[in-house]
2 protein chains.
Amino acid sequence: MLETIISQGLKATGRRMTRTRKAVLSLLERTHEPLSASEIFAQLQEDQVTIDLVTVYRTVNVLKDLGLVAQLDLHHEGQSRYELKEGRKHHHHIRCQVCGKIVDLLLCPLKKLTKLIEERTKFVVGDHILEFTGFCPQCQ
Amino acid sequence: MLETIISQGLKATGRRMTRTRKAVLSLLERTHEPLSASEIFAQLQEDQVTIDLVTVYRTVNVLKDLGLVAQLDLHHEGQSRYELKEGRKHHHHIRCQVCGKIVDLLLCPLKKLTKLIEERTKFVVGDHILEFTGFCPQCQ
DNA sequence: ACCATTATTGCAAGTCTCTTGCAAGTAATA
DNA sequence: TATTACTTGCAAGAGACTTGCAATAATGGT
Ligand SMILES: [Mn+2]
Ligand SMILES: [Mn+2]
Ligand SMILES: [Zn+2]
Ligand SMILES: [Zn+2]
């Protein structure tokens with residue numbers, strides 16, 4: 001169970017499992033789009049969970065430190081989004097530029113390209129971001 | 001000449017070529033890395049050009065509207081960067097996570113993938129962003 | 001070259017996302 | 001249950017970017 005896995009990660013780094021961390025985790029677990037801090041905050045308010053926006057930021061940063069959450073900076077959004085990594089593999093996203101809907105692209109075409117780039121640039125390639133925008137079926 | 005091309009674009013949209021716009025353009029023209037607004041501001045100060053940071057923001061937005069400048073949102077940078085599109089083709093970037101150096105990748109591997117994504121997601125794909133991070137030759 | 005028109009600029013203030021300081025609250029361990 | 005130290009909420013701050021407005025300057029016609 002996710003909460004158990006994460007409790008271990010927290011404990012291993014001298015941190016504690018708390019009411020608010022459980023609430024953020026459970027929301028991320030049942031949501032299938034990456035959420036921004038303010039969206040997490042708003043949804044938890046709706047769920048009658050007492051939490052401060054500052055705590056949301058601190059919580060997603062802890063989860064990111066533990067490697068349990070990915071932080072996405074989508075083009076021109078001006079805010080980060082967060083999604084659970086646990087149990088999902090590396091992937092990318094496409095976002096509708098009309099309604100904002102975000103869909104997982106369960107692929108990554110960049111393994112070979114990375115090698116080519118390292119040869120050409122003499123960089124050691126670490127990470128990459130890849131994101132598509134367009135019009136979703138409803139907004140065409 | 002670039003300034004002539006751009007004067008036409010400005011005029012066609014009821015805008016004017018000004019001292020500050022010339023200064024920003026000439027800086028972007030002679031710079032080979034994408035610049036942030038504050039970098040443009042700082043460099044112009046150094047060049048003895050009197051300009052306000054607000055005007056830099058307004059200028060890059062005008063140039064973006066005219067399709068003459070690309071706005072890049074690099075991962076976790078927290079600020080946008082701008083580069084001239086005029087005379088350069090679509091490409092992507094790699095950034096050194098130590099020193100911040102940004103290098104052009106004169107390639108784009110995403111033509112075929114776009115078609116696949118449209119089939120799978122039923123989105124109409126518009127644009128994409130692709131960026132690599134890593135360690136440049138000096139910082140390894 | 002001058003004037004009238006209207007876009008542009010600089011300054012101040014505002015917005016938005018995200019971070020930090022600190023006292024009060026609470027989880028973990030014995 | 002008592003101790004310890006991590007976590008929280010509130011207030012304040014930082015940084016990127018935007019907006020309101022009066023002063024300034026580019027443009028086009030004379
Ligand atoms: Mn995803
Ligand atoms: Mn470039
Ligand atoms: Zn990938
Ligand atoms: Zn591309």
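Residue numbering restarts at 1 for every chain, and letters A, B, ... go by the order of the sequence lines.
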Round to a whole Å and report the spacing from [atom1] of [X] to [atom2] of [N].
X	N	atom1	atom2	value
A:H76	D:dC17	NE2	C1'	13 Å
B:Q71	D:dT18	CD	P	8 Å
A:D65	D:dC6	CG	P	15 Å
A:Y57	D:dG13	OH	P	19 Å
A:L10	D:dC6	CG	C1'	11 Å

DNA chain D contacts made by residues 31-52 of chain A, counting heavy atoms under 4.0 Å: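 Within residues 31-52 of chain A, the residues near DNA chain D are A:T50, A:I51, A:D52.
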Note, B:R21 side chain near B:V62 side chain (heavy atom, < 4.5 Å):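 SC-SC contact between B:R21 and B:V62 confirmed.
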Close side-chain approach of B:C99 and B:C136, heavy atoms under 4.5 Å: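 Result yes, sub-4.5 Å side-chain heavy-atom pair found.
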Heavy atoms of other groups near A:K101 NZ, more than 12 under 6.0 Å: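 Count not over threshold, so no.
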No-hydrogen, no-angle side-chain donor-acceptor test under 3.5 Å, B:T13 and B:R15: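 Yes, side-chain donor-acceptor contact under 3.5 Å.
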For chain B, the stretch of DNA chain C it reaches, first to last nucleotide, under 4.0 Å of its heavy atoms: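 Endpoints of the contacted stretch of DNA chain C: C:dT6 to C:dA12.
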Sequence-aligned protein contact record of nucleotides 23-30 of chain D, with B where the base is within under 4.0 Å of a protein heavy atom and S where only the sugar-phosphate is: --BBSS--
N-O pairing of A:R81 and A:E33 below 4.0 Å: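 Looking at A:E33 together with A:R81, the answer is no, because their closest N to O distance does not fall below 4.0 Å.
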